[in-house]
Amino acid sequence: MESVALKRSVLKAAMSHLEATVKDLQERITDLKSITLGDDNAESASQTESMRGSDVELMNSLGDQLDHVRQDIERLAAIDPAIALDVVQYGAVVHTDQRNFLIGASLEEFDAGGKSYLGVTPKAPVIQALYGMRRGENATVNGTTYTVGDIL
């Protein structure tokens, strides 16, 4: 697959994953709101004040996660797949002999173009070690040596 098309497919897969996470978080928040803020006159064992308090804390935590995921979507949307990169940096899709990375947002492993990718921020230790490197260069992180392959 041509590099621009591959990078585009990696970004699209990452965005789809993040959008699914947004949908899941929104559904969880809606469910919690309906349980916690539903009928104040209804009394049940599960609706004690302490339960309501913990539900509100969970809703707030989920809301924070939702904000973070939306920011990640904005960051990835700003990456132009047509811009050719030749060093490991923000916005790059990096293939190494150990694993493949999308540098831009923290994201659990996902598949694109028949390969598995991990979304990472530039602050990730492995990316800090590889930052600025070119194809063929390597760095060791926690006893694992990563050799840079393709950079898209």
Side-chain angles (χ1 to χ4, degrees), residues 1-37 50-152:
M1 183 180 287
E2 188 256 323
S3 63
V4 173
L6 178 56
K7 187 171 183 179
R8 187 172 283 120
S9 76
V10 170
L11 287 166
K12 183 178 179 182
M15 292 290 272
S16 293
H17 187 78
L18 288 171
E19 288 164 356
T21 302
V22 165
K23 183 179 177 189
D24 179 56
L25 288 169
Q26 287 173 326
E27 288 173 0
R28 291 176 64 193
I29 290 169
T30 299
D31 289 347
L32 270 173
K33 280 182 180 178
S34 68
I35 292 168
T36 306
L37 305 175
S50 64
M51 283 297 287
R52 284 185 183 196
S54 65
D55 286 349
V56 169
E57 286 178 25
L58 180 56
M59 275 191 296
N60 289 338
S61 174
L62 292 173
D64 290 345
Q65 290 176 42
L66 182 60
D67 290 343
H68 181 74
V69 172
R70 285 180 173 150
Q71 289 172 353
D72 285 344
I73 288 172
E74 288 176 17
R75 285 185 196 103
L76 293 184
I79 296 172
D80 184 352
I83 295 176
L85 301 174
D86 60 354
V87 298
V88 176
Q89 63 181 308
Y90 180 84
V93 172
V94 180
H95 296 159
T96 74
D97 60 335
Q98 298 297 321
R99 74 184 322 165
N100 304 311
F101 302 101
L102 167 60
I103 305 172
S106 182
L107 182 66
E108 61 192 35
E109 212 159 50
F110 63 96
D111 292 328
K115 294 184 180 186
S116 183
Y117 293 86
L118 181 65
V120 292
T121 68
K123 294 179 182 179
V126 67
I127 301 307
Q128 286 287 303
L130 294 171
Y131 215 82
M133 291 190 170
R134 297 178 183 281
R135 182 181 178 89
E137 295 182 319
N138 61 57
T140 301
V141 179
N142 296 327
T144 302
T145 300
Y146 296 82
T147 301
V148 178
D150 291 330
I151 303 170
L152 313 173

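Throughout, numbering of the chain's residues begins at 1 and tracks the sequence. It should be emphasised that the depicted structure is a prediction, and the values quoted were computed from it without experimental measurement.
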d(Glu109 CD, Leu118 CG) to nearest 0.5 Å is 6.0 Å

Rounding to 0.5 Å, atoms CD (Gln128) and NZ (Lys123) come to a distance of 9.0 Å

For Ser9 and Ala112, the nearest pair of non-hydrogen atoms, with its separation, is O-CB, 3.8 Å

Any sub-3.5 Å donor-acceptor pair from Lys7's side-chain atoms to Leu152's backbone N or O? yes

When rounded to the nearest 0.5 Å, the distance separating NZ of Lys115 from CG of Asp150 is 6.5 Å

| task | Check whether any side-chain heavy atom of Leu32 lies under 4.5 Å from a side-chain heavy atom of Ile29, and answer yes or no. | result | no

I'd like to check Glu27 versus Leu25 (side-chain heavy atoms, cut-off strictly below 4.5 Å). Are they in contact? no

Q. Counting N and O atoms only, with roles assigned by atom type, does the side chain of Glu137 sit under 3.5 Å from a partner on the main chain of Arg134, one being a donor and the other an acceptor?
A. yes

Rounding to 0.5 Å, atoms CG (Asp67) and CG (Asp72) come to a distance of 11.0 Å

#### Entry: Val88 vs Phe101, side-chain contact (heavy atoms from CB on, under 4.5 Å): CA-CA, chis, key distance, verdict
CA-CA 10 Å; Val88 176; Phe101 302 101; over 6 Å; no

message: Using the ring centroid of each side chain, check whether Tyr117 and His17 are separated by less than 6.0 Å.
response: no

Let me see the working for Leu102 and Val120 under side-chain contact (heavy atoms from CB on, under 4.5 Å), right down to the final yes or no. CA-CA 6 Å; Leu102 167 60; Val120 292; over 6 Å; no

Side-chain heavy-atom pair Ile79, Leu11 within 4.5 angstrom cut-off: yes

Nearest heavy-atom contact between Ala13 and Asp111 is CB-O, 3.5 Å

Taking every heavy atom of Ile151 against every heavy atom of Arg135, the minimum-distance pair comes out as CD1-N, 3.9 Å

Closer than 3.5 angstrom, by distance alone: can the side chain of Ser16 be matched with the main-chain N or O of Lys12 as a donor-acceptor pair? yes

Full working for side-chain contact (heavy atoms from CB on, under 4.5 Å) between Phe110 and Val10
CA-CA 9 Å; Phe110 63 96; Val10 170; 4.0 Å; yes

Taking the side chain as C-beta and beyond, is there a heavy-atom pair between Val22 and Ile73 under 4.5 Å?
-> yes

Here the gap from Arg70 atom CZ to Glu74 atom CD, rounded to the nearest 0.5 Å, amounts to 9.5 Å

Would you mind checking if Asp31 and Arg28 are paired as a salt bridge, meaning a charged N to carboxylate O distance below 4.0 Å?
no

Derivation of the side-chain contact (heavy atoms from CB on, under 4.5 Å) call for Asp24 and Thr21: CA-CA 5 Å; Asp24 179 56; Thr21 302; 5.6 Å; no

On a heavy-atom basis, the closest approach of Tyr90 and Leu85 is O-CD1, 4.2 Å

In short, Ala129 meets Val141 closest at the heavy-atom pair CB-CG2, 3.4 Å

Closest non-hydrogen atoms of Tyr146 and Thr96, given as atom of the first, atom of the second and distance, are CD2-OG1, 3.7 Å

When rounded to the nearest 0.5 Å, the distance separating OG1 of Thr147 from CG of Leu130 is 9.0 Å

